[in-house]
*Asks:* 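Sharing a structure with you now.
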Amino acid sequence: MDQPRHLSASFARAPLIGMVLLSLAYLIFPVVVVVVISFSGQKFLSFPPASFSTVWYRDILTSADWAQSFWITIRVGVLAAFLSVGIGLPAAFALVRRRIPGKGVLEALLLAALITPPIIKGLSLYLFYAPLGLNNTVVGLAVAHTVTGVPFVILNVSASLRGFDMDLERAAVIHGCSQLGALRRVTIPIIMPGIIVGTVFAFLQSAQELLVALFVMGSVQRPLAVKLWESVRVSIDPSIAAASTLLIAFAVVAFVLASVLQWRRRLA
Amino acid sequence: MTSVGETDRTGFSDADPGPKARAGLQRREHFATALLILPVLVVTIVFFVLPLSMMMVESFKKDGAFSLAQYHEFFTSPIYYWVILTTFTLSLITTVGTLIIGYPVAYYLATTRSRLRNALLLLVVIPYWLDYIVRSYSWMILLGRNGIISRALQDAKLTDGPVTLLYNTFSVSVGMIQIMLPLMILTLYAAMLRIDQELVLAARVHGAGVWRSFAKVFLPLSLPGIYAAALLVFIISLGFYVTPALLGGPGQAMISQSIDVIASRLLDFPLASAAAMVLLAISLLVVIVYNRTFGWDRAWTSPGI
Amino acid sequence: MMAQPHEAMPAGTGPRAGATLRLDAISKRFGSVTAVNRVSLEIPAGSFVSLLGPSGSGKTTTLNMIAGFLRPDEGELYFDGRPVANVAPNKRDIGMVFQSYALFPHMTVYDNVAFPLRARGGLDGAAIDRRVREQLEMVRLADFGERFPKQLSGGQRQRVAMARAVVARPSVLLLDEPLGALDKNLRDQLQGEIKKIHRSVGSTFVYVTHDQSEALNLSDLVVVMREGRIEQASDPRTIYQAPETPFVAEFMGGANLLPATVASCSAAVLVLDLHMGGRVLAPASGSKPAEGEEVSLLVRPEDVLIAEKPPADPEVMSLSCSVLDVAYFGDTIRLSLDASGTILTARVPARGSAGLSAGQQVLFCWRQGSARVLRRRRYKP
């Protein structure tokens, strides 16, 4: 992508940069606070802490409760992410490459699924799942998260596909590949960063989603978001900060991975 | 079927050319397209549209018969009136707050040539992908009795003991604005990237001052982006739950919390469904306006790094 | 489906003759636009054919139908007499060089060139390796096998695209403006290489371009297209010296076309009334126009003589005009002339023309026999 042209070096740049830095501090500072608190040596929350220790991490990492929640979140998230790719990838191809009657309706439906308030999705799925016995199942929650995960896959894959040079696929076909072979050997590898970014986003949104999880899986097995939520309501000792920091580390790693892949795609 | 002589005509089709075969091919392509779309359609309809419809049915049911009792109860209760008003107020504060703070950031990111741009973008994007709960929790620490602000006030001898800045409209707004800021910045940024910077340069070349060229050229061109981002932030704010619950008091309860209480504590699912339908109707109205004015697909694509 | 007998040809088994291509009244419509309109063409095996025309003339659509990316709405294509309109591109034994090169960005140069051999199958690893190395040698990129396309210059990418297209010795090679993205010097140099490759691989080359000098330099057969139809298909010399229509003459560059009405016609000589004024003689060749028919008289710039006095020779025609501009090209000069409102071009030897300058009144002369009368083409509805 071309870098947009600089307007003017003199364009009130210094105050603008000051404002930008302040805003970024506003965004980042609370995150830093959580990370620092997680290493606090005190039982009550104070910032900055008077002493440091890793005792809260030991608490979290040795707790069977947290481990179970973590494991459920991984299972739900991975299943939701793979379902999202499985149904989102073909849909993205169709949306970008084929003429579909009612395309606008489909897009509006996906948008609606994405931004409908989560409490509505939680309540309605709870009512829907109750007679089917899908409440308190990993599959039930994973499918629910797939509904909001698919748009992330579709949007990222579509963006990659729109930037894809169709001549590459033609070149593969004319030099001996079947249509499917060309997809497998040329198109998919080239748009892979987009697919991975979409998948990571689908996983992240599942791992962080609270309200649907609360309704569908709130009682017996609690996913991480639910466990975190309940802990925050009961007490706010630094063990929650430690759990949060682990989540932050997880999201940052996932995100940096996605960015690196995107960066590689730019180079290609 | 084809004659023997046709067997080496592979690839698209082993059919004879001609209008009939071509119509058949077209049908086959339509069929393939349908197969690609079908899974998404089925999942979305079964696990989104169908539950919503069931919830709608539930909201009109009282003792097994059709009734508007729930809606009547919801709209005549002063509590829910206040909750809806609070929901609107906090969403509006969040939208305006993120716009005021986010616009300069997006503008800078969209117009800078700095090599730091990608790093700065990353600083916007990473908080976007951090848990709502985690981010609200961090404000509990900062604004709480032992938080950095309370300590500073005590050190400055402005107060006698620890104070809390939590559980009011201010604390909820600070949290919600911080949480929605990345989405506002990224949506504005995506829209601003599409503005032809040459136009602004042209205005400058033709004698408009720095501020004038911004106000007369860039700002109007960024209006669709502002409109889109603001509506997006507004509608997502309407459904907030975690932040007002953690950072607010009873006076900052939003409609999602009420629905949760009605469903989980009172176990009155018909009333909860009616309340959810009201929230859905409000959101839908906003979506329709949004979708009419602006394509929707920029906000959630991988941020432009 | 049964096995495809023609597909079984092992890839990369050295030079072999290209295929004969026959286009039989093929048409392609996009909505209400007819991009290619009943085009018929016979391309001899192993020849080098250029499809030449402005954008929108249908040359790229024709190429895409030969490639198999588009299916003709009507008509049939034959490769060596075998109908292929419904054969998939990967079963046609074709190589192709794309305008954007379309090199696979996620593969090295080596893997790009090996791609057709691997995709077609039929060769073991060692044979593929040998063929790829030979091919890289041929395009002088032997040391670049491990590079990725983005690490190459434009000219190098073009050569990789060329290598990939011919490595499997396809019976037909399609080239879609393969030099369009390069600067002039590189284009001239690569034209030579393309010619060399054509001689060594023996495939039938079909080359799409809008650059007439490329077409004239490279081809055995130049096919000029216009609005979805073939305007003329001839060898380069004929197409330049004996264009059949005003469009071809104009497209081949720099021609003076003088609109005229046929006043009378005898066996050998036509009498024309030029629209700009004046009556001239012209040779009657090819199909003879009728009296009163609107035609164009073609006078090539290099056939023009500039004189100051009316010529005595009755075979020399002349028009009086004024010099608008003199452009110096070393060995020749190009004159722009104004003959009562019509702009004419003359290319004359630089030696002996030193005295010419803008504003001067001169005579624009040509030998009657060097001009050509072009009839406008009328298509059957």
Side-chain angles (χ1 to χ4, degrees), chain A residues 3-8 11 16 19-20 23-24 26-28 30-31 33-34 37 44-47 87 90-91 93-94 98 108-109 111 113 115 117-120 123-125 127-128 143-144 146-147 150 152 155-156 159 197 204 208 211 228-229 232 236 240 244 247-248 251-252 255 259 262, chain B residues 33 36-37 39-40 43-44 47-48 50-52 54-55 58 101 104-105 108 110-111 113 123 126-127 129-131 133-135 137-142 144 146-148 178 181 193 197 200 210 235-236 238-239 241-242 246 256 259-260 263 272 276 279-280 283 291 296-297 300-302 305:
Chain A
Q3 300 257 329
R5 199 157 305 181
H6 195 38
L7 292 184
S8 158
F11 182 54
L16 182 63
M19 273 152 86
V20 170
S23 307
L24 291 177
Y26 173 48
L27 273 178
I28 295 297
V31 179
V33 167
V34 173
I37 289 273
F44 56 94
L45 296 176
S46 67
F47 185 87
I87 68 179
F93 270 91
R98 304 203 175 216
L109 194 64
L111 170 67
I115 66 176
I119 186 86
I120 298 177
L123 177 61
S124 64
L125 276 163
L127 296 172
F128 177 66
V143 175
T146 302
V147 172
V150 162
F152 287 96
L155 290 170
N156 284 289
V197 171
L204 283 177
Q208 302 182 352
L211 282 168
L228 195 64
W229 173 242
V232 173
I236 50 172
I240 296 150
S244 302
L247 275 179
I248 293 170
V252 169
F255 195 81
S259 303
Q262 252 187 316
Chain B
T33 307
L36 294 175
I37 288 293
V40 164
V43 167
T44 312
F47 293 93
F48 175 65
L50 200 57
L52 280 186
M54 286 179 63
M55 190 185 77
E58 183 81 17
I101 300 173
V105 180
Y108 177 77
T111 57
R113 270 189 309 194
L123 287 184
I126 287 177
W129 281 108
L130 290 183
D131 207 302
I133 304 172
V134 173
R135 284 195 273 166
Y137 169 75
S138 68
W139 285 110
M140 290 174 75
I141 299 171
L142 275 172
N146 292 308
I148 192 166
Q178 194 250 359
L181 194 52
L193 279 186
Q197 305 276 342
V200 183
V210 168
I235 194 162
I236 293 178
L238 286 177
Y241 173 88
V242 169
L246 289 182
S256 288
I259 296 170
D260 181 43
L279 177 55
L280 185 64
S283 310
N291 210 24
W296 62 286
D297 59 344
W300 288 280
T301 40
S302 49
I305 288 188

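In what follows, chains are A, B, ... by sequence order, proteins preceding strands, each numbered from 1.
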*Asks:* Apply side-chain contact (heavy atoms from CB on, under 4.5 Å) to A:L127 and list each qualifying residue two or more places apart in sequence or on a separate chain.
*Replies:* A:L123, B:M55, B:E58, B:F269, B:S273

*Asks:* With a 4.5 Å cut-off on side-chain heavy atoms, are B:F47 and A:T146 touching?
*Replies:*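 No, side chains not in contact.
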
*Asks:* Check whether any side-chain heavy atom of A:P30 sits under 4.5 Å from a side-chain heavy atom of B:L142, and report yes or no.
*Replies:*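 Sidechains of B:L142 and A:P30: in contact.
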
*Asks:* To the nearest 0.5 angstrom, please state how far the CD1 atom of A:I115 sits from the CD1 atom of B:I235.
*Replies:*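 Those atoms lie 4.0 Å apart.
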
*Asks:* Can you name the residues that form a side chain to side chain donor-acceptor pair (under 3.5 Å) with B:T44, not counting sequence neighbours?
*Replies:* none

*Asks:* Does the pair B:L279 and A:I120 meet the rule for a side-chain contact (heavy atoms from CB on, under 4.5 Å), with working shown?
*Replies:* CA-CA 8 Å; B:L279 177 55; A:I120 298 177; 3.9 Å; yes

*Asks:* Using a 4.5 Å cut-off on heavy atoms from C-beta on, say whether the side chain of B:I101 contacts that of A:M19.
*Replies:* no

*Asks:* Are side-chain heavy atoms of B:S283 and A:P117 found at a separation under 4.5 Å?
*Replies:* yes

*Asks:* By a 4.5 Å heavy-atom criterion (distance strictly below it), what part of A:A113 contacts chain B: side chain, backbone, both, or neither?
*Replies:* both

*Asks:* When you look at B:V134 and A:L228, which way does the side-chain contact (heavy atoms from CB on, under 4.5 Å) test go after all the steps?
*Replies:* CA-CA 9 Å; B:V134 173; A:L228 195 64; 4.0 Å; yes

*Asks:* I'd like to know whether the aromatic ring centres of A:W229 and B:Y241 sit less than 6.0 Å apart in this structure.
*Replies:*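 They qualify: ring centres under 6.0 Å apart.
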
*Asks:* Which region of A:L211, side chain (C-beta onward) or backbone (N, CA, C, O), has a non-hydrogen atom less than 4.5 Å from a non-hydrogen atom of chain B, or is it both or neither?
*Replies:*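 Side chain of A:L211 only, per the 4.5 Å heavy-atom cut-off to chain B.
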
